[in-house]
Amino acid sequence: MSELAKKRPNYAEPTPPSKTKLADRFLNVIERAGNKLPDPITLFVIMSAIILIASYLLSLLGVSATNPSSGETIEVVNLLNREGIIQILTNMVSNFTSFPPFGLVLVIMLGVGLAETTGLIQTVMKRTVLSAPKKLILPVIVFTGVLGNIAADAAFIVFPPIAALIFMSVGRSPIVGLIATYAAIAGGYSANLILNSLDVLLAGITEQAAKVVDPNYVGNPTMNYYFLIISTFVLVAVTTWVTVKFVEPRFGKYTGVVQKLDQVTANEKRGLRFAGITLIIYFAVILIMVIPRNGWLRDLETGSVINSPFMSSIVPIMLFFFLLPALAYGIGSKTVKNDKDVAEKLFKSIADLAPFIVLAFVAAQMIAYFSWSNIGPILAIKGAELLQAMNFTGLPMIIGFIIICSFINLLIASASAKWALLSTIFVPMFMYLGYSPALTQMAYRIGDSITNPITPMLAYFAILLAFARKHDKSIGIGTLISALLPYSIFFAISWILLFVIWYLCGLPLGPGDPIFLK
């Protein structure tokens with residue numbers, strides 16, 4: 001059982017030490033060490049200071065690397081000289097306001113917050129939970145999380161809090177619901193049943209790298225599609241299993257407040273009807289703008305949906321997906337009587353985000369400093385050079401590439417930024433060895449995803465901590481890391497094993513994209 005769970009009144013008595021599993025003891029060590037760290041705000045300040053000092057020392061030593069795509073020398077930038085201090089001071093506000101999750105969280109939570117305060121989410125949960133077998137709740141939530149990258153980064157904001165409420169409604173730990181959903185979204189970022197903007201983005205980068213060897217090569221967004229489909233079901237099974245076998249037992253039986261779900265009242269039924277009709281109309285309007293070849297939200301030149309205004313507008317689309325039905329529900333259920341009620345509920349939804357806003361300010365500065373210093377790209381290039389120097393071949397080489405990508409992901413969270421660096425080295429290198437660009441890209445995507453749940457460089461980790469503290473103010477980084485680590489470990493084992501089987505069977509990774517070059 002988690003060390004923190006033993007001290008909380010909302011959880012049952014802990015397992016006797018003699019019966020504690022070896023894995024639990026290992027995770028307890030990680031949890032204790034992590035929870036001894038300062039408050040996350042202080043920790044981000046300390047990490048910022050370390051990055052600034054490292055930039056000074058490494059620049060003095062002349063640490064550099066050559067960008068394989070351009071031949072340009074990348075040097076560590078000293079942020080403690082005159083230019084660096086000016087950059088820090090003049091960009092402090094813009095670092096905060098341009099912090100990717102900041103605006104996204106505030107916008108999405110306007111809709112989600114109104115849906116919660118009007119009672120729409122709770123009523124939908126009542127209808128769903130009361131009619132669904134409890135055994136299916138976890139896999140359905142996990143499946144939704146893995147598919148969440150269709151909504152891009154909005155999934156990190158929308159799904160975990162709802163999962164926490166669903167878990168609490170059936171007498172299970174809301175924190176476990178948060179953790180399982182976050183792990184599914186973060187770890188499953190390269191698995192889906194539907195192609196999305198990431199597939200298009202990575203395929204474009206892969207194509208440019210492959211043209212070094214074959215100027216006629218054309219990268220297809222579907223190049224990994226077959227493997228991604230199977231990966232989706234594998235990750236859903238693994239995430240569900242890890243949650244039941246490792247994470248939930250660590251928190252013990254939840255004995256806190258259970259939001260008992262009473263039968264849906266007449267007012268709530270009317271509110272649901274209003275919300276349902278509104279949602280149908282909203283979907284119809286969106287479809288009219290997306291389905292026709294000349295739809296307003298399609299790309300004007302190509303007619304594409306994947307790379308289009310529709311995908312670029314996913315955040316406001318998600319906002320209205322929650323906001324409009326919430327308003328309709330509030331009117332139908334009589335929880336909203338006038339515009340003042342709406343304003344009050346919107347104010348409350350933003351007020352609850354105050355801890356996140358403070359955390360986002362310091363996290364944004366730290367991530368900006370790390371980016372300006374060039375330490376991340378240099379470490380990525382050095383890691384790639386190390387793999388080349390090891391002179392592996394075949395499966396050991398590919399598995400080594402996956403592992404190195406997973407470690408680089410702990411330092412650089414952006415999938416496209418890492419791939420822009422690594423693709424120029426490994427796509428041509430693997431092509432000369434007879435491997436298709438599709439295989440190299442898939443190996444990268446596995447490595448990039450398996451450590452997503454535990455990397456502090458993924459800005460949404462800070463948001464997860466803020467969400468968790470709404471349910472338990474004493475929870476620390478160590479508790480989250482120790483709970484998320486089993487997911488990363490088993491994601492790595494299962495995904496690499498699936499990749500090995502796929503490789504040995506010689507199966508195509510996508511339509512027209514084999515493992516080996518013809």
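Nothing here was measured: the structure is a model prediction, and the numbers come from that model. This chain uses plain numbering: 1 for the first residue, then up along the sequence. Computation of the quantities below employed the complete heavy-atom set of this structure, encompassing side-chain atoms and omitting hydrogens, waters and symmetry-equivalent molecules.
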Just list the side-chain donor-acceptor pairs under 3.5 Å for residues 362-369, sequence neighbours left out, or say none.
| unit_1 | atom_1 | unit_2 | atom_2 | d |
| --- | --- | --- | --- | --- |
| Q365 | OE1 | N95 | ND2 | 3.0 |
| Q365 | NE2 | M92 | O | 3.0 |
| Q365 | NE2 | F361 | O | 3.3 |

Would you give me the side-chain donor-acceptor pairs under 3.5 Å for residues 233-242, sequence neighbours excluded?
| unit_1 | atom_1 | unit_2 | atom_2 | d |
| --- | --- | --- | --- | --- |
| T239 | OG1 | L235 | O | 2.7 |
| T240 | OG1 | V236 | O | 2.8 |

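A heavy-atom distance below 4.5 Å is not found between the side chains of C405 and D448. No side-chain heavy atom of I230 sits less than 4.5 Å from a side-chain heavy atom of Y226. Contact of the L484 side chain with the L464 side chain is registered, since non-hydrogen atoms from C-beta on lie closer than 4.5 Å. At least one side-chain heavy atom of F227 sits less than 4.5 Å from a side-chain heavy atom of I446. Side-chain contact check for K245 versus F490: every heavy-atom pair is 4.5 Å or farther apart. Side-chain atoms of I185 and P160, non-hydrogen and from C-beta on, do get closer than 4.5 Å to each other. In this structure, L106 and I357 have side chains that are in contact, with non-hydrogen atoms separated by less than 4.5 Å. You'll find the side chain of W296 stays beyond 4.5 Å of the side chain of I288, heavy atoms only.
For T222, the side chain to side chain donor-acceptor pair (under 3.5 Å) partners at least two apart in sequence or on another chain are N220. T117 meets the side chain to side chain donor-acceptor pair (under 3.5 Å) test with no other residue; sequence neighbours excluded. For the side-chain contact (heavy atoms from CB on, under 4.5 Å) test, residues two or more places apart in sequence or in another chain that qualify with A326 are L114, A115, T118, L120. Applying the side chain to side chain donor-acceptor pair (under 3.5 Å) rule to S333 yields the partners T335; only residues at least two apart in sequence or on another chain are considered. For N338, the side-chain contact (heavy atoms from CB on, under 4.5 Å) criterion is met by K340, D341, not counting sequence neighbours. With sequence neighbours left out, Y182 forms a side chain to side chain donor-acceptor pair (under 3.5 Å) with no residue at all. Partners of I489 by side-chain contact (heavy atoms from CB on, under 4.5 Å), not counting sequence neighbours, listed by chain and number: L485, I493. Partners of S373 by side-chain contact (heavy atoms from CB on, under 4.5 Å), not counting sequence neighbours, listed by chain and number: I51, S55, L79, I375.
Atom CZ of F96 has more than 12 heavy atoms from other residues, nucleotides or ligands within 6.0 Å.
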What verdict does the side-chain contact (heavy atoms from CB on, under 4.5 Å) test give for Y460 and N452, after you've listed the backbone C-alpha separation in whole Å, the side-chain angles of each residue and the deciding distance to 0.1 Å?
CA-CA 10 Å; Y460 299 102; N452 264 347; over 6 Å; no
side-chain contact (heavy atoms from CB on, under 4.5 Å), that's the test. Do F467 and F156 meet it? Break it down for me.
CA-CA 11 Å; F467 284 151; F156 286 101; over 6 Å; no
Criterion side-chain contact (heavy atoms from CB on, under 4.5 Å) on L323 and F320, from CA distance to verdict
CA-CA 5 Å; L323 189 68; F320 292 116; 4.2 Å; yes
For L147 and F143, run side-chain contact (heavy atoms from CB on, under 4.5 Å): C-alpha distance rounded to whole Å, both residues' side-chain angles, the deciding distance at 0.1 Å, then the answer.
CA-CA 6 Å; L147 296 186; F143 183 70; 3.4 Å; yes
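Taking CG of L327 as the start and CZ of F274 as the end, the distance is 13.0 Å to the nearest 0.5 Å. Separation of atoms OH (Y487) and OG1 (T243) is listed at 2.5 Å; rounding is to 0.5 Å. Separation of atoms CD1 (I175) and CG (D472) is listed at 4.5 Å; rounding is to 0.5 Å. Between L319 atom CG and S313 atom OG the span is 12.0 Å, to the nearest 0.5 Å. In this structure, the separation between CD1 on I179 and CG on L480 is 5.5 Å, given to the nearest 0.5 Å. The distance from the CD1 atom of I86 to the CG atom of N91 is 11.0 Å, given to the nearest 0.5 Å.
Distance alone, capped at 3.5 Å, places no donor-acceptor pair between the S449 side chain and the G188 backbone. Between the T455 side chain and the N409 main chain, a donor and an acceptor come within less than 3.5 Å of each other. A distance-only check finds a donor-acceptor pair linking the side chain of Y225 to the backbone of L193 [under 3.5 Å].
When all heavy atoms of A163 and I141 are compared, the closest pair comes out as CB-CG2, 3.8 Å. Across every non-hydrogen atom of A275 and Y329, the tightest pair is CB-CB, 4.1 Å. In this structure, W419 and Q441 approach most closely via the heavy-atom pair CZ2-CA, 3.8 Å. For W495 against G187, the heavy-atom pair with the smallest separation is CZ3-O, 3.4 Å. The two residues S482 and T479 make their nearest non-hydrogen contact at OG-O, 3.0 Å. Of all heavy-atom pairs between I291 and R298, the closest is O-NH2, 3.1 Å.
Pairs passing the side-chain hydrogen bond (donor to acceptor under 3.5 Å, both in side chains) check and including a residue from residues 269-289, sequence neighbours excluded, read N267-R270. Applying the side-chain hydrogen bond (donor to acceptor under 3.5 Å, both in side chains) test to residues at least two apart or on different chains, none of the pairs has a partner in residues 103-112.
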